[in-house]
Every structure is written in C-alpha cells, then in structure tokens.
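A short write-up of the structure that comes next.
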Amino acid sequence: KTMYMSRRVGEVLPVTVTSVMSFGLFAKTEELCEGMIPVTDLGGNASFDEENKVLFAGGRIWRAGDRITVRVMEADIVSRRVTFSLAET
C-alpha cells in the first residue's frame with residue numbers, strides 16, 4: 001500500500017479519520033491506505049482528551065469518523081509510513 005501511495009505523492013484525496021492520538025490523526029483513503037497527519041499540521045495549540053479520544057487543534061475538534069481532505073506528502077517504502085497534510089481550509 002505504501003508503494004501504491006508513493007505514486008500519489010502530491011495528490012489531494014478524501015479520507016476518513018480512523019484514530020486520534022496526542023501526536024496526530026490516522027486516516028484511511030477509499031483504497032484503505034492509511035496515513036498519519038502530524039498534530040503540527042493541524043494548526044494551533046493541540047490538546048488531547050484521552051477519555052473521549054478527541055483532539056482539539058486549530059479551532060476544531062478532531063475525532064474518528066471525520067471526513068477530511070488531505071494531500072499525500074510522503075510515502076516511505078522502507079519504513080512503510082505514509083504522511084498526509086491537511087488540505088482543507
């Protein structure tokens with residue numbers, strides 16, 4: 001899946017947030033490729049609510065199930081990691 005995503009670096013895609021962590025969001029594409037959006041890309045000071053599994057950042061509340069738009073920033077085949085960047089305003 002990482003190799004597939006390496007050909008899509010730079011593309012803007014709709015994704016669904018699958019999990020919320022203190023360091024960022026994990027999200028899956030329609031092709032079920034998962035990537036991470038680092039908390040630093042969400043804007044503003046971030047605050048993680050562990051009990052409710054939500055992240056407050058950039059004036060928004062982020063939770064699993066949210067539909068968002070991202071840009072594929074990196075697909076590292078060696079580490080099998082895909083990094084997304086928030087593409088919506």
Side-chain angles (χ1 to χ4, degrees):
K1 291 180 180 179
T2 308
M3 189 173 294
Y4 169 76
M5 292 304 287
S6 71
R7 295 187 298 268
R8 300 191 74 181
V9 170
E11 288 186 33
V12 174
L13 307 169
V15 297
T16 301
V17 176
T18 56
S19 63
V20 179
M21 310 297 283
S22 62
F23 53 85
L25 310 173
F26 285 93
K28 281 189 180 179
T29 67
E30 292 174 359
E31 296 86 7
L32 302 179
C33 296
E34 189 169 53
M36 191 190 82
I37 305 160
V39 71
T40 54
D41 190 61
L42 299 175
N45 292 331
S47 174
F48 180 61
D49 179 345
E50 177 124 18
E51 182 179 332
N52 296 305
K53 298 294 185 200
V54 295
L55 184 66
F56 303 93
R60 284 191 61 180
I61 299 173
W62 304 91
R63 57 178 53 97
D66 287 351
R67 295 281 297 159
I68 59 175
T69 305
V70 298
R71 181 177 308 278
V72 181
M73 299 303 293
E74 180 182 25
D76 186 328
I77 296 168
V78 174
S79 67
R80 300 181 189 172
R81 291 186 182 157
V82 176
T83 304
F84 296 138
S85 173
L86 196 60
E88 57 188 20
T89 55

Distance, nearest 0.5 Å, that separates [atom1] of [X] from [atom2] of [Y]:
X	Y	atom1	atom2	answer
Ser19	Leu55	OG	CG	11.0 Å
Thr29	Glu11	OG1	CD	10.5 Å
Glu50	Met21	CD	CE	8.0 Å
Phe56	Trp62	CZ	CH2	13.0 Å
Thr2	Asp76	OG1	CG	8.0 Å

Provide the closest heavy-atom pair for [X] versus [Y] in the form atom of the first, atom of the second, distance.
X	Y	result
Val20	Ala64	CG2-N, 3.6 Å
Met5	Ala75	C-CB, 3.8 Å
Arg71	Ala87	N-CB, 3.8 Å
Thr18	Lys28	CG2-CG, 3.7 Å
Val82	Glu34	CB-O, 3.7 Å

Indicate, with yes or no, if [Y] and [X] share a hydrophobic cluster defined by side-chain heavy-atom contacts under 4.5 Å among Ile, Leu, Val, Met, Phe, Trp and Tyr.
X	Y	value
Leu86	Ile61	no
Tyr4	Leu13	yes
Met73	Met36	no

Phe84 and its side-chain contact (heavy atoms from CB on, under 4.5 Å) partner, picked from Leu25, Val70, Ile68, Val12: Val70
Residue Asn45 excluded, over 12 heavy atoms near CG under 6.0 Å: no
Atom CZ of Arg67 with >12 non-hydrogen neighbours under 6.0 angstrom: yes
N/O donor-acceptor pair under 3.5 Å between Asp49 side chain and Val54 backbone: no
Donor-acceptor contact below 3.5 Å, side chain Lys1 vs main chain Leu32: yes
